[in-house]
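For reference, the structure discussed in these notes is given below.
Each chain gets a letter, A, B and so on, in the order the sequences are listed, and its residues count up from 1. Quick caveat, the model's predicted, so the values are computed rather than measured.
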Amino acid sequence: MSIPVTTRFAPSPTGALHLGNVRTALFNWLYARRAGGRFVLRIEDTDRERSSAALEAALVAELRWLGLEWDAGPDREDARGPYRQSARAAIYAGAFARLEAEDRAYPCFCTALELDVERRRRLAAGLPPRYAGTCANLGAAERAQRVAEGRPATLRFRVTTGEAIEYEDLVRGPQRFVSDDLGDFVIRRADGSAAFLFSNALDDAAMGVSDVLRGEDHVANTPRQRLIARALGLDPPRYGHLPLLVGEGGAPLSKRDGSASVAELREQGYLPEAILNLLGRLGHRYASEGWLTREGLIAGFDLAALGRAPAHFDRAQLRHWQREAAHRADAAKLEDWARGHVPPGREAAFVAAVRANLELPADAATWGHLVFGELPCAGGENARLIAGAGTAFWDAALEALAEDADYATLIARLKAATGRGGAALFKPLRAALTQRADGPELAALLKVMPPAVAMARLNAARALTENSATRP
RNA sequence: GCUCCCAUCGUCUAGAGGCCCAGGACACAGCCCUCUCAAGGCUGGUACGAGGGUUCGAAUCCCUCUGGGAGCGCCA
């Protein structure tokens with residue numbers, strides 16, 4: 001019994017989860033879900049120096065937050081695991097021993113310096129920098145002697161020359177590599193740990209991964225990994241290489257592109273669905289250009305719709321999807337945003353009034369303050385608008401409010417008292433009430449704004465008007 | 001240096017020889033709606049990197065150039 005599709009996400013906990021990584025995770029997740037298959041999380045923490053449990057925990061938390069749930073992983077072990085590479089040393093050791101016994105791999109005693117010199121020499125000669133094979137054919141005696149000298153050794157995979165390695169890339173189509181271009185590569189570091197190429201290839205096969213979508217920076221790794229799988233008698237997965245996600249100017253995505261890390265976006269209040277709607281369309285096309293639910297994202301995912309050119313991350317597009325997400329968000333979610341920025345118990349009424357203007361939690365804070373808080377004295381354009389309305393305007397407004405008149409009545413009184421209408425009426429009123437030129441409907445705003453606050457602001461406006469009138 | 005990949009509006013992209021003097025979305029501008037602004041609706045401007053072929057016809061096929069990206073590690 002074979003499972004049709006198993007994909008995986010295999011991050012190494014050496015840094016914050018990046019939008020580029022997340023997109024890779026997302027595509028694998030979507031592909032598995034679309035196919036009704038499995039999605040696996042494997043933690044690649046063989047580099048013990050740089051990996052940390054805290055980073056792993058953060059990474060797991062962010063994936064969960066995004067809703068990219070997995071069927072097997074370090075927290076959900078099954079027979080194919082363990083899913084943390086640091087726990088798989090014995091498995092790798094067995095494979096190393098076997099390859100070495102079969103002479104598919106050999107110890108290499110070259111030092112970093114020697115390798116570097118050779119690399120430069122080849123580069124200078126216009127040749128690709130590739131391992132020269134210095135240690136490939138050492139006799140048993142020579143090896144024993146070097147070991148006896150206590151010289152550290154890596155284990156190199158022996159690549160037979162003159163072989164063509166061909167396969168079909170899920171995204172790029174037919175691929176062909178010549179083994180001569182590969183060079184013997186390191187599969188075990190001098191400290192005994194497994195190198196990425198090796199553990200990654202072995203684990204994909206051992207964990208039953210059928211399909212891998214990964215960044216195009218892995219293209220050249222693929223032939224090597226196929227060689228490893230073959231030498232181990234394992235079935236390699238199909239590979240698809242995605243164009244990279246880049247930032248402004250086509251440079252690799254970085255902090256300069258503003259919050260390229262998931263943690264930061266989450267902190268700013270971006271919603272998972274917004275991020276998913278954006279990422280799903282970067283290097284991949286959905287038939288629908290509108291908002292997609294999680295189910296829609298899954299149903300519309302298609303390998304054939306994957307592009308091959310690098311995709312740019314654009315902040316404006318993120319904001320667009322965030323606005324969409326915020327407009328669709330549960331009132332409860334928006335009330336969370338409002339909590340602490342509005343008087344307790346007023347969250348629901350507040351959200352009902354301003355929700356069209358809420359895009360991020362920061363907006364809830366802004367409007368919470370503008371509706372319930374203390375405003376400084378109006379200045380600039382606001383002061384000009386307020387003073388320009390004249391004292392009769394404010395007197396009428398105060399009078400109406402004191403009588404607890406409803407909004408329509410208030411407006412009618414103002415019109416009657418001043419003859420103003422349209423912008424001439426609303427601009428000063430809005431300036432007095434919120435000191436902002438934009439915002440939610442005044443009617444709705446006045447409904448949530450405590451009468452005392454509204455009165456105070458109108459009084460302030462009247463005082464300001466009077467002041468500027470007596471001091472021409 | 002060598003190998004591989006890519007190239008349509010500012011950005012995401014549609015386009016697999018005539019349906020394209022290039023379509024959509026975001027952003028931008030204007031208009032409508034509304035008692036203001038936002039939200040919503042509508043309209044508009046902006047792109048096939050360059051040069052050569054092939055063809056009756058090319059954004060689409062081929063070549064060269066240019067530009068961008070990736071790789072060539074005891075990093076993943």
Side-chain angles (χ1 to χ4, degrees), chain A residues 10-12 14-15 44-47 49-51 108 110-112 115-116 119 122-131 152-156 169 171-172 175-178 181-183 185-197 199-200 214-221 241 243-244 246 248-252 278 281-290 305 307-321 323-324 327 354-359 385 407-408 411-412 414-415 420-431 434 436-443:
Chain A
S12 66
T14 55
E44 306 222 327
D45 57 349
T46 55
D47 185 344
E49 288 288 297
R50 302 199 303 145
S51 299
C108 168
C110 297
T111 64
L115 293 172
D116 192 47
R119 183 161 35 240
R122 291 185 61 101
L123 230 28
L127 295 165
R130 193 170 295 138
Y131 181 60
T154 60
L155 191 64
R156 275 185 195 273
D169 188 289
V171 179
R172 311 177 146 217
Q175 303 288 306
R176 182 189 159 89
F177 290 84
V178 180
D181 291 341
L182 266 28
F185 53 90
V186 171
I187 55 177
R188 186 182 63 205
R189 306 184 187 99
D191 67 4
S193 62
F196 161 80
L197 273 172
S199 52
N200 183 270
R214 54 176 8 177
E216 73 169 14
D217 47 332
H218 288 292
V219 169
N221 292 332
H241 291 91
L244 262 25
V246 298
E248 308 281 310
L278 174 73
R281 290 171 225 260
L282 253 25
H284 174 267
R285 191 182 74 87
Y286 276 104
S288 157
E289 282 180 322
R308 299 212 207 169
H312 289 69
F313 166 73
D314 179 12
R315 185 124 197 129
Q317 254 145 22
L318 206 216
R319 293 192 68 98
H320 164 72
W321 293 117
R323 198 177 307 126
E324 293 280 328
H327 288 168
V354 307
R355 72 169 296 156
N357 291 71
L358 298 183
E359 185 178 312
L385 280 166
Y407 179 72
I411 298 307
L414 285 173
K415 269 187 187 162
R420 285 171 176 254
L425 190 160
F426 290 94
K427 283 192 171 171
L429 188 57
R430 184 176 281 281
T434 66
R436 287 269 300 238
D438 60 353
E441 299 251 8
L442 274 180

Name the nucleic acid region contacted by [X], choosing base, sugar-phosphate or nothing; use a 4.0 angstrom heavy-atom cut-off, strictly under.
X: A/G283; result: sugar-phosphate
X: A/R355; result: nothing
X: A/H241; result: nothing
X: A/R319; result: nothing
X: A/D191; result: nothing
X: A/L123; result: base
X: A/T154; result: base

Query raised in the report: How far does CG of A/N200 sit from NE2 of A/H218, to the nearest 0.5 angstrom?
Result: 7.0 Å
Requested in this report: Give, for atom NE2 of A/H320 and atom CG of A/D314, the distance between the pair rounded to the nearest 0.5 Å.
Outcome: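 Reported to 0.5 Å precision, the distance equals 11.5 Å.
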Between [N] atom [atom2] and [X] atom [atom1], what is the distance in whole Å?
X: A/L155; N: B/C74; atom1: CG; atom2: C1'; answer: 11 Å
X: A/R119; N: B/C75; atom1: CZ; atom2: C1'; answer: 12 Å
X: A/H320; N: B/A39; atom1: NE2; atom2: C1'; answer: 14 Å
X: A/F196; N: B/G71; atom1: CZ; atom2: C1'; answer: 13 Å
X: A/E359; N: B/C26; atom1: CD; atom2: C1'; answer: 13 Å
X: A/D116; N: B/G73; atom1: CG; atom2: C1'; answer: 10 Å
X: A/Y286; N: B/C26; atom1: OH; atom2: C1'; answer: 18 Å
X: A/Y131; N: B/C72; atom1: OH; atom2: C1'; answer: 16 Å

Requested in this report: State which of B/A25, B/C72, B/U13 makes the closest approach to the side chain of A/P129.
Outcome: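 Selected nucleotide (nearest to the side chain): B/C72.
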Query - Among B/C72, B/G69, B/C12, the one nearest A/R281 by side-chain distance - result: B/C12
Scan nucleotides 43-46 of chain B against the protein and return all N/O pairs shorter than 3.5 Å with their distances rounded to 0.1 Å.
none

State, with a plain yes or no, whether a side-chain heavy atom of [X] is found less than 4.5 Å away from one of [Y].
X: A/V219; Y: A/F177; answer: yes
X: A/I411; Y: A/L429; answer: yes
X: A/E216; Y: A/R172; answer: yes
X: A/F196; Y: A/S12; answer: no
X: A/Y131; Y: A/V186; answer: no

**Report entry** Residue pair A/C108 / A/R156: nearest heavy atoms and the distance that separates them
**Finding:** SG-NE, 3.3 Å
Report summary line: Heavy-atom contacts, protein to nucleotides 3-11 of chain B, under 4.0 Å, summarised as B (base), S (sugar-phosphate only) or - (none) per nt, yield -SSS----B
Report task. Could you encode protein contacts along nucleotides 31-37 of chain B as a string, one character per nucleotide from 5' to 3', using B for base contact, S for sugar-phosphate-only contact and - for no contact, with a heavy-atom cut-off of under 4.0 Å? Result -> ----BBB
Does [X] have any side chain to side chain contact (heavy atoms under 4.5 Å, CB included) partners at least two apart in sequence or in another chain, and if so, which?
X: A/P310; result: A/V246
X: A/S193; result: A/R189, A/D191
X: A/R355; result: A/A331, A/L334, A/V351

Report task. Tell me whether the OP1 or OP2 atom of B/C74 has a side-chain N or O from A/R156 closer than 4.0 Å. Result -> yes
Query raised in the report: In the structure shown, which nucleotide is the Watson-Crick or G-U wobble counterpart of B/G30, with both distances under 3.5 Å?
Result: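 Because both required distances fall under 3.5 Å, B/G30 counts as paired with B/C42.
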